Number of protein chains: 2
Amino acid sequence: MMRISEAAQHSGLSSKMIRHYEDVGLIQPAARTEAGYRQYSPAQLDQLGFIRHARSLGFSIAQIRDLLQLRDNPRRASREVKQLAQKHLQELDQQMLVLKKMQAMLEDLVARCAGDDSPDCVIIDELSDSGETGNE
Amino acid sequence: MMRISEAAQHSGLSSKMIRHYEDVGLIQPAARTEAGYRQYSPAQLDQLGFIRHARSLGFSIAQIRDLLQLRDNPRRASREVKQLAQKHLQELDQQMLVLKKMQAMLEDLVARCAGDDSPDCVIIDELSDSGETGNE
DNA sequence: TTTGAACCTTCCCATAGTGGTAAGGTCAAG
DNA sequence: CTTGACCTTACCACTATGGGAAGGTTCAAA
């Protein structure tokens with residue numbers, strides 16, 4: 001059994017976030033010592049590691065909640081896991097699209113701005129324009 | 001002079017956000033009618049439009065604060081505007097990098113998951129792994 | 001004139017994820 | 001017994017946005 005700071009180091013999460021995940025019900029409340037200190041078993045360390053991996057792939061807390069349930073269900077169908085992952089991939093695609101549009105527009109503006117001592121600047125001009133920015 | 005809902009429609013922002021931008025000091029407090037209703041002048045409508053355009057390019061409130069100052073300064077150097085935009089471009093690049101890494105890892109996992117009735121699933125397996133996810 | 005719809009106001013709460021800090025308890029070593 | 005490093009809970013902050021409640025205003029229709 002490890003204390004929370006050890007569990008944090010081991011899992012790559014912060015103590016703060018481990019408590020938070022417990023607060024929001026992502027993980028079961030940890031066992032406590034007589035003094036009230038949280039104690040983590042090896043199985044819980046695995047779970048915390050799982051959570052960190054999932055977070056690093058951009059899964060939301062809600063999605064991780066589902067992933068943990070699938071993980072703990074020996075009768076799961078990998079289809080469900082794959083679907084969840086594919087849905088997240090679509091979200092990532094969507095975010096990329098948004099960023100790419102911003103990038104394209106901004107790169108265009110930057111390319112057309114002299115960037116010298118003169119106050120004339122297409123960036124300011126086009127942002128001031130009543131026209132659209134290119135987003136539908 | 002327009003009321004806030006008209007200013008919202010005109011600028012493409014919500015009334016809610018216009019009040020918020022006033023709260024955080026992004027725009028000057030609007031004039032008020034005797035009854036306390038906010039009133040917006042054409043110049044303020046321009047400013048709101050500017051803010052919406054800048055937001056649609058992903059500029060943060062803090063960055064827009066700077067952009068507005070440059071916009072209102074007739075003795076600005078376009079160099080400053082360009083630098084601000086370039087810094088934001090770098091941030092966009094950074095975000096894209098993160099998303100791309102997630103995307104690549106997740107695509108790999110998804111490709112290797114059968115997605116059938118069997119419980120065997122590399123996605124679950126690799127998230128459960130103590131190893132790294134590919135992020136440094 | 002009264003009433004009702006459609007506005008407006010402020011204030012609080014929620015989202016998602018993370019960090020910080022403060023006030024206090026615990027434990028082990030010196 | 002003190003000190004330092006840990007733990008606890010309970011707040012507040014951030015970004016940007018939305019929702020809603022409780023109450024005031026405006027204007028038109030009946």
Side-chain angles (χ1 to χ4, degrees), chain A residues 1-27 29-40 44 48 50-68 87-88 91-92 94-95 98-99 102 135, chain B residues 1-27 29-40 44 48 50-68 87-88 91-92 94-95 98-99 102 135:
Chain A
M1 295 294 260
M2 282 184 178
R3 64 178 63 193
I4 196 169
S5 63
E6 294 167 323
Q9 267 207 302
H10 191 87
S11 64
L13 297 168
S14 66
S15 301
K16 210 83 196 196
M17 288 317 296
I18 295 178
R19 294 193 196 98
H20 177 65
Y21 293 149
E22 183 181 313
D23 281 348
V24 299
L26 186 57
I27 57 183
R32 301 290 185 121
T33 66
E34 283 185 18
Y37 287 18
R38 288 177 179 79
Q39 292 279 290
Y40 293 89
Q44 283 175 304
L48 292 174
F50 183 92
I51 291 171
R52 189 183 64 82
H53 291 328
R55 282 295 303 137
S56 79
L57 289 182
F59 284 103
S60 69
I61 267 71
Q63 288 171 322
I64 297 176
R65 197 171 278 128
D66 294 342
L67 283 173
L68 283 172
K87 188 166 175 247
H88 180 43
E91 293 163 0
L92 291 180
Q94 196 50 50
Q95 292 175 39
V98 172
L99 289 185
M102 290 177 175
N135 289 326
Chain B
M1 295 295 261
M2 281 183 177
R3 62 178 65 192
I4 195 169
S5 63
E6 295 168 322
Q9 267 208 302
H10 191 86
S11 64
L13 297 168
S14 65
S15 300
K16 210 86 192 191
M17 289 315 298
I18 295 178
R19 293 193 196 97
H20 176 66
Y21 293 149
E22 184 179 312
D23 280 348
V24 300
L26 186 58
I27 56 181
R32 301 291 184 119
T33 66
E34 282 185 17
Y37 286 20
R38 287 178 180 80
Q39 292 279 290
Y40 294 89
Q44 283 175 304
L48 292 174
F50 183 93
I51 291 172
R52 189 183 66 81
H53 291 329
R55 282 294 303 137
S56 79
L57 289 181
F59 285 102
S60 69
I61 268 70
Q63 288 171 322
I64 297 177
R65 198 171 277 128
D66 293 342
L67 283 173
L68 282 172
K87 188 164 175 246
H88 181 42
E91 293 163 1
L92 290 179
Q94 196 50 49
Q95 293 175 40
V98 172
L99 286 186
M102 291 177 174
N135 288 326

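The sequence lines fix the lettering, A, B, ..., with proteins before strands; numbering per chain opens at 1. Since this is a predicted model, take the numbers as computed values, not measurements. In what follows, every heavy atom counts, from backbone to side chain, and hydrogens, waters and symmetry copies are set aside.
With a heavy-atom cut-off of 4.0 Å to chain A, the contacted part of DNA chain D has its first and last nucleotide at D:dC6 to D:dA10.
Computed from coordinates, the A:I51 CD1 to C:dG17 P distance equals 12 Å when rounded to whole Å. Between the CG atom of A:D23 and the C1' atom of C:dA14 there is a distance of 16 Å, rounded to whole Å. Rounded to whole Å, atom C1' of C:dT10 lies 12 Å from atom CD of B:E22.
For A:R55, whose side chain is taken as the heavy atoms from C-beta onward, the closest listed nucleotide among C:dT26, C:dT18, C:dC8 is C:dT18.
Pairing each heavy atom of B:I27 with each of B:L48, the nearest pair is CD1-CD2, 4.0 Å. Heavy-atom minimum distance, A:I61 versus A:R55: CD1-CD, 4.2 Å. The shortest non-hydrogen separation linking A:L68 to A:L26 is CD1-O, 3.6 Å. When every heavy atom of B:S11 is checked against every heavy atom of B:R52, the shortest pair comes out as O-NE, 2.7 Å.
Residues passing the side chain to side chain contact (heavy atoms under 4.5 Å, CB included) test with B:S15, sequence neighbours excluded: B:I4, B:S5, B:A8, B:R19. Checked against salt bridge (charged side-chain N to carboxylate O under 4.0 Å, His left out), B:R38 has the following partners two or more places apart in sequence or in another chain: B:E22.
Comparing the local axis fitted to the first five base pairs of the helix from C:dT1-D:dA30 to C:dG30-D:dC1 with the one fitted to its last five gives a bend of 40°, rounded to 10°.
Interface residues of residues 6-21 of chain A facing DNA chain C, ordered by number: A:S14, A:K16, A:M17, A:H20, A:Y21; criterion, heavy-atom separation under 4.0 Å. At a non-hydrogen distance threshold of 4.0 Å, nothing from residues 58-65 of chain B comes into contact with DNA chain C.
Here the CE atom belonging to A:M102 is positioned 6.0 Å from the NE2 atom belonging to B:H88, to the nearest 0.5 angstrom. Atom CG of B:D66 sits about 10.5 Å away from atom CZ of B:F59, to the nearest 0.5 Å.
In this structure the side chain of A:I18 reaches within 4.5 angstrom of the side chain of A:Y40, judged on heavy atoms.
Taking 4.0 angstrom as the limit, B:R32 places a side-chain polar atom (N or O) nearer than this to OP1 or OP2 of C:dT10.
Position along DNA chain D of the nearest nucleotide to B:Y37 versus A:I4 favours A:I4 as the more 5'-ward residue.
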